[in-house]
Amino acid sequence: MSETNSAAEVAAPHRYTAAVAADIEARWQDFWDANGTYEAPNPSGDLAGDPAVAARPKKFIMDMFPYPSGAGLHVGHPLGYIATDVFARFQRMTGHNVLHTLGFDAFGLPAEQYAVQTGTHPRASTEANMVNMKAQLRSLGLGHDKRRSFATIDPDYYKWTQWIFLQIFNSWYDEDAKKARPIAELVAQFESGERAVPADETGTTRAWTALTPAERAEVLGDYRLAYASDAPVNWCPGLGTVLANEEVTADGRSERGNFPVFKSKLRQWNMRITAYADRLIDDLDGLDWPDAIKLQQRNWIGRSEGARVDFPVGTEGDAITVFTTRQDTLFGATYMVLAPEHELVDKIVPAAWPEGTHEVWTGGHASPAEAVAKYRAFAASKSDVERQADAKEKTGVFTGAFATNPVNGEQVPVFIGDYVLMGYGTGAIMAVPAGDQRDFAFARAFELPIHCVVEPTDGRGTDTSTWDDAFGAYDAKLINSANDEISLDGLGVVEAKAKITDWMAAQGIGEGTVNFRLRDWLFSRQRYWGEPFPIVYDEDGVAHSLPESMLPLELPEVEDYSPRTFDPDDADTSPETPLSRNEDWVNVTLDLGDGPKRYRRETNTMPNWAGSCWYELRYLDPHNSEKLVDPAIEQYWMGPREGQPTGGVDLYVGGAEHAVLHLLYARFWSKVLFDLGHISSAEPFHKLYNQGMIQAYVYRDSRGFPVPAAEVEERDGQYFFEGEPVKRELGKMGKSLKNAVTPDEICAEYGADTLRLYEMAMGPLDVSRPWDTRAVVGQFRLLQRLWRNVVDEASGAVTVTDAEPDDATLRALHKAIDGVSQDLEGMRFNTAIAKITELNNHLTKSGGAVSRSVAERLVLLIAPLAPHVGEELWRKLGHTSSVVHADFPVADPAYVVDEAVTCVVQIKGKVKARLEVSPSISDEELEKVALADEKVVAALDGAGIRKVIVRAPKLVNIVPA
RNA sequence: GCGGCCGUGGCGAAAUGGUAUACGCGAGGGCCUUAGAAGCCCUUGGGCGAGAGUCCGUGAGGGUUCGAAUCCCUCCGGCCGCACCA
């Protein structure tokens with residue numbers, strides 16, 4: 001406290017000041033901890049409590065848990081935590097059993113990079129960071145059930161992450177039942193012959209019992225929901241690890257670190273999330289999520305309906321299978337394009353160019369093989385950025401081969417081109433240049449025929465040589481599309497699609513199908529700081545899962561945990577796992593049920609998303625050593641119920657940046673666990689809410705470098721730092737931009753309650769807005785005036801009276817109760833605070849002592865938002881139990897309406913008069929009063945009346961003749 | 001390029017078909033004070049007017065309606081997502 005303030009303290013020793021705030025906040029935080037105020041009872045088990053509380057309707061209110069970053073918190077971080085806390089407190093006061101807690105997502109790259117920078121073990125630095133963050137969060141007065149908190153790095157937690165991995169590993173997706181089933185049931189089907197064993201590479205089929213263990217493992221690998229494969233993966237030399245598609249940006253760089261990412265064939269673990277593509281889309285319908293996030297997930301999964309069509313090629317009965325969404329335009333397919341790396345390319349390339357091959361097609365190369373090799377090298381040399389920049393210009397080369405268009409027998413040339421992506425569909429397309437802009441551009445570049453099969457509706461005519469672009473509108477009719485057996489001519493697109501699809505199926509040349517953009521989830525990383533895979537390999541290289549009794553498989557203590565990174569631009573590198581450096585840990589003798597044998601451990605670790613895929617479940621039953629979660633407890637908190645048929649967390653708050661990463665992975669794991677009968681909800685999060693970001697002004701000097709925002713001065717709309725003018729822009733808050741404001745400094749200046757109120761009052765929770773330290777004082781003043789309405793600043797005595805409040809005050813009170821209740825329920829915290837402020841201002845202006853009944857209800861209204869002041873004033877008002885579990889006030893409808901309301905009288909929509917009328921006035925009566933009003937009569941000036949619109953009691957609008 | 005969201009006082013914002021600017025910041029004035037970066041009170045969208053008043057006003061233009069910040073169309077500006085997805 002500065003010296004100048006001490007004079008004020010002498011004059012008003014019991015005023016609400018920062019010192020008072022600090023005192024009561026520390027006191028109540030200790031009280032809450034000591035009394036377990038925020039502990040939510042489970043219906044059974046070690047966290048069971050008051051059965052009466054457990055019998056209440058439940059609310060599970062959750063935040064996206066934080067990384068324990070070394071940088072500490074700035075005021076932007078706790079925005080969501082404060083919001084869920086306010087909401088949770090309101091729910092507690094309205095008769096709910098509220099589960100609200102917070103853990104830490106502590107594995108992963110950031111924690112590891114920080115540890116490497118500081119030269120400490122990741123566990124040590126992570127745990128130190130968690131201690132700091134917990135202290136910062138505790139000082140905000142967040143009401144968490146601390147018994148349920150954990151970190152994903154706790155062996156007791158990741159034991160179950162590993163257990164779930166094994167559940168997924170030991171499952172397959174039954175396409176008929178549309179659900180995951182234990183792999184043992186698949187083995188039984190193979191053994192009994194109920195299901196045929198798939199043919200091997202040579203095309204021969206053998207009985208299950210005739211296969212070696214390694215062969216069986218290979219067959220099962222094609223079914224398991226977690227499997228190792230040699231597919232091309234995203235290899236990031238700069239980070240020294242492979243990455244999931246979701247972690248690679250659109251321009252082919254790592255989301256973290258912004259290093260180049262290369263496609264490389266490496267044996268890696270994958271999760272068969274594609275098996276759930278349909279369900280992941282369909283189940284979005286039942287979720288209460290922002291439309292924007294649902295849309296992002298739908299786009300990411302990318303479901304499109306179309307057909308697979310086989311185009312015969314070569315002499316050995318091969319066919320190029322394409323995926324198309326426009327099978328109706330098959331008659332217009334005049335060439336084909338394969339992705340450069342398509343496996344059929346080498347097989348179909350002839351020794352020499354066919355007679356008379358166009359020079360444009362050969363690219364000037366002597367042979368097809370040379371042309372293909374050169375083009376492949378060219379395509380591979382292009383980064384994704386370049387490839388996309390060149391998107392308008394279509395490149396490719398003729399393979400020398402022709403395929404047969406199955407609907408008209410035409411021989412169509414087969415090209416390779418990098419505008420066809422190996423990772424989508426079948427990696428091959430039929431090109432319909434008349435209908436597709438990309439095919440059109442390619443056809444023009446290579447002088448390929450363009451057949452019009454959809455009649456243009458824009459007057460351009462059917463002579464494609466005059467066209468500037470493709471035409472493929474859905475509302476047009478097919479033409480030139482008939483053979484001896486089928487005609488699509490005259491049909492609309494939709495009917496034509498249906499007809500040709502049926503015909504192709506009957507002919508055995510194609511079938512209707514659904515294609516997804518979603519790829520399987522690459523699940524292994526070359527990192528130390530992650531969950532080890534509970535997998536060992538025998539001498540034949542066959543993967544075995546560890547039995548549950550060997551979990552958790554703990555991370556070994558190693559000397560060197562840093563990742564092996566490379567020159568970020570050097571694609572000719574391959575990953576090295578830190579765990580492989582520890583031979584003693586890697587090579588082990590284990591008894592997996594058939595006697596002690598030598599095994600080699602898997603040395604990859606899981607991605608940092610693993611721990612966050614299921615943490616909501618562990619909050620429910622965090623100490624259970626027998627099970628992931630007790631079924632009865634899981635059912636209680638997560639189970640489907642009326643109005644929430646999918647079940648799940650009642651409210652999940654976090655940033656929109658997790659739209660397709662965490663939220664998709666977590667949904668996937670939930671569905672697997674649901675299918676296997678471990679949990680009762682197939683969706684983890686029923687309601688999702690994305691909070692906005694707290695932004696901050698960034699001030700840059702003439703060189704563009706950020707200067708410390710706290711030291712910038714404003715004069716007449718200009719900004720100066722050390723006398724020099726600086727430019728202001730809006731950006732993120734953070735240390736690097738020198739504009740971070742910490743909750744600690746705001747708490748020291750005003751207290752946590754003020755910080756909470758300010759963050760909630762800034763604006764709607766889902767909108768981003770700039771932080772303004774100067775404006776924080778407004779919420780401090782609210783608390784000060786509230787305090788003054790209850791406590792005498794000179795004596796500290798409670799000043800409330802037992803006299804009945806006057807009518808105007810009662811109406812102000814009940815309107816506030818009504819509005820605040822609705823606003824809190826709807827998470828409109830900013831307007832809730834405005835209504836509390838209005839009520840408090842009314843009491844201040846009324847003068848004299850406030851009635852006890854009004855003061856108490858005002859305290860209850862603000863308690864969820866400012867819990868320390870709430871507790872303190874509640875106690876001062878004579879209550880001995882915590883305000884946390886007090887009942888939220890209920891509005892009396894009789895006082896929610898005003899005694900008299902102002903009715904506006906408009907003429908042609910312009911306000912001409914205001915009348916004080918009863919809220920219950922009838923339309924007829926109001927019209928009579930309005931028309932008799934002298935101002936209205938004067939404004940009408942004798943004009944006749946055409947029409948009168950009456951909306952009693954607020955409005956009358958007169959339309960003169 | 002495609003899709004989505006959003007433009008309201010000096011600033012954060014309220015009002016989602018019915019009195020535009022609630023609530024807060026800032027600013028101006030006053031009280032208190034030796035002093036005020038504390039606290040309290042008043043004023044605060046713009047124009048005209050001494051005043052009562054009156055006209056204009058929600059990015060721009062148009063439309064629907066008795067009535068539009070709100071619904072529709074076109075344009076301008078900003079933010080976000082996806083991006084050769086067949």
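Chain letters run A, B, ... following the sequence lines, proteins first and then strands; every chain starts at 1.
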Visitor: Hey, does Asn957(A) reach any base, or is it just sugar-phosphate, or nothing, if we go heavy atoms under 4.0 Å?
Guide: base
Visitor: Tell me every residue that passes side chain to side chain donor-acceptor pair (under 3.5 Å) with Thr325(A), counting only those two or more places apart in sequence or in another chain.
Guide: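 With sequence neighbours excluded, Thr325(A) shows a side chain to side chain donor-acceptor pair (under 3.5 Å) to no residue whatsoever.
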Visitor: Would you be so kind as to tabulate the donor-acceptor pairs closer than 3.5 Å made by side chains of residues 954-961 of chain A, with sequence neighbours excluded?
Guide:
from	atom 1	to	atom 2	distance (Å)
Asn957(A)	OD1	Lys908(A)	N	3.4
Asn957(A)	OD1	Gly909(A)	N	3.0

Visitor: Please work out if Thr773(A) contacts a base, only the sugar-phosphate, or nothing of the nucleic acid, heavy-atom cut-off 4.0 Å.
Guide: nothing
Visitor: Who passes ring pair (Phe, Tyr, Trp, His ring centres under 6.0 Å) against Phe780(A), sequence neighbours left out?
Guide: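 Partners of Phe780(A) by the ring pair (Phe, Tyr, Trp, His ring centres under 6.0 Å) criterion, ordered by chain and then number, come out as Tyr16(A), Tyr750(A).
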Visitor: Taking any heavy-atom pair under 4.0 Å as a contact, classify Gln784(A): base, sugar-phosphate, or nothing.
Guide: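 Since only primed, P, OP1 and OP2 atoms lie under 4.0 Å of Gln784(A), the category is sugar-phosphate.
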Visitor: Determine the stems involving RNA chain B; a stem requires 3 or more consecutive pairs of the Watson-Crick or G-U wobble kind, each with both distances below 3.5 Å, and the answer is none if no such run exists.
Guide: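 Ordered by first number, the stems with RNA chain B (at least 3 consecutive pairs each) read B:1-7 with B:76-82, B:10-12 with B:23-25, B:26-31 with B:39-44, B:45-48 with B:53-56, B:59-63 with B:71-75.
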Visitor: Could you check whether Arg951(A) gets within reach of a base, just the sugar-phosphate, or nothing at all, counting any heavy atom under 4.0 Å?
Guide: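 The answer is base, as Arg951(A) lies within the cut-off (heavy atoms under 4.0 Å) of a base atom.
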Visitor: So what does Arg785(A) hit on the nucleic acid, given a heavy-atom distance under 4.0 Å: a base, only sugar-phosphate, or nothing?
Guide: sugar-phosphate
Visitor: Return the polar atom pairs (N/O with N/O) between nucleotides 19-23 of chain B and the protein under 3.5 Å, or none.
Guide:
from	atom 1	to	atom 2	distance (Å)
U19(B)	O2	Arg914(A)	NE	3.0
U19(B)	O2	Arg914(A)	NH2	3.2
A22(B)	O2'	Glu838(A)	OE2	3.3

Visitor: What contact category does Val420(A) fall into here, base, sugar-phosphate, or nothing, at under 4.0 angstrom with non-hydrogen atoms?
Guide: base
Visitor: Listed by chain and number, what are the ring pair (Phe, Tyr, Trp, His ring centres under 6.0 Å) partners of Tyr375(A), not counting sequence neighbours?
Guide: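 If we apply the ring pair (Phe, Tyr, Trp, His ring centres under 6.0 Å) test to Tyr375(A), skipping adjacent residues, the hits are Phe378(A).
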